[in-house]
Peer 1: 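Quick one: structure below, then a few questions.
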Amino acid sequence: MNPTSSDAGIPILTEIISTPAQPDIPLLDSPLLSHQELEQQDIDLLDRQEITTWNEEELQRLEREITERVLIQLLANVDAVLENRVRDSLADVLQLAVSVLATDIRSGLQHSLQDLVTRAVAQEISKLKNRKN
């Protein structure tokens with residue numbers, strides 16, 4: 001099979017294709033990072049930048065940014081944990097409420113049925129007595 005001029009730019013299976021180098025960019029905004037991973041990325045970032053030349057204002061700004069990122073990630077985790085705990089607590093409370101409600105309904109139904117059967121039997125006995133007389 002002869003390659004045509006339109007196939008000239010298509011690599012063949014034995015050809016090695018070089019890929020451009022990816023810049024080493026930390027994923028600082030990734031919600032899946034743990035607190036330690038975030039701190040390590042911040043440290044790595046600081047190592048790459050020469051912080052010895054930074055003034056006090058720049059260091060305070062960096063501290064605020066790091067603090068905000070850590071708080072955002074912690075609050076996201078707190079929300080998930082809080083939601084799970086509330087859901088579990090509500091499930092327990094609702095289960096107890098349903099159990100108590102079912103017991104109350106069963107008791108009320110039992111009393112109603114007893115009264116109904118007692119009245120029906122009394123009426124039938126009364127009818128039988130009236131027929132004898």
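In this text, all values refer to a predicted model and were calculated from it rather than measured experimentally.
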Peer 1: So, taking the atom named CG in Leu116 and the one named CG in Leu109, what distance separates them when rounded to the nearest 0.5 Å?
Peer 2: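 With rounding to 0.5 Å, CG (Leu116) is 10.5 Å from CG (Leu109).
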Peer 1: Between CG of Leu96 and CG of Leu101, what distance do you get to the nearest 0.5 Å?
Peer 2: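 The CG atom of Leu96 sits 11.0 Å away from the CG atom of Leu101.
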Peer 1: Please answer whether the main-chain N or O of Val70 pairs with a side-chain N or O of Gln73 as donor and acceptor at a distance below 3.5 Å.
Peer 2: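 Looks like no, no N/O pair under 3.5 Å.
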Peer 1: Can you name the residues that form a side chain to side chain donor-acceptor pair (under 3.5 Å) with Gln95, not counting sequence neighbours?
Peer 2: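 Applying side chain to side chain donor-acceptor pair (under 3.5 Å) to Gln95 gives none.
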Peer 1: Answer yes when Arg61 and Glu65 have at least one side-chain N-carboxylate O distance shorter than 4.0 Å, and no when they do not.
Peer 2: yes
Peer 1: Checking Ser126 side chain against Ala122 main chain: does a donor-acceptor pair fall under 3.5 Å?
Peer 2: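 No, Ser126 side chain to Ala122 backbone: no donor-acceptor pair under 3.5 Å.
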Peer 1: Please walk me through it: do Lys127 and Glu124 pass salt bridge (Lys or Arg N to Asp or Glu O under 4.0 Å)?
Peer 2: CA-CA 5 Å; Lys127 284 180 187 177; Glu124 287 301 316; 3.8 Å; yes
Peer 1: Quick check for you: to the nearest 0.5 Å, what is the distance between Leu71 atom CG and Arg64 atom CZ?
Peer 2: 13.5 Å
Peer 1: Is Glu83 salt-bridged to Arg87, cutoff N-O under 4.0 Å?
Peer 2: yes
Peer 1: Kindly work out whether a path of hydrophobic side-chain contacts (I/L/V/M/F/W/Y, heavy atoms less than 4.5 Å apart) joins Ile66 to Leu74.
Peer 2: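 Yes, Ile66 and Leu74 fall within the same hydrophobic cluster.
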Peer 1: Distance check, rounded to the nearest 0.5 Å: Asn130 atom CG versus Ile125 atom CD1?
Peer 2: 12.0 Å
Peer 1: Do Val86 and Leu82 have side chains that get closer than 4.5 Å, going by heavy atoms?
Peer 2: yes
Peer 1: Find the distance between OG (Ser89) and CG (Asn84) and round it off to the nearest 0.5 Å.
Peer 2: 10.5 Å
Peer 1: Would you give the length of the straight line joining atom OG1 of Thr118 to atom CD of Gln123, rounded to the nearest 0.5 angstrom?
Peer 2: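 Going from the OG1 atom of Thr118 to the CD atom of Gln123 covers 11.5 Å.
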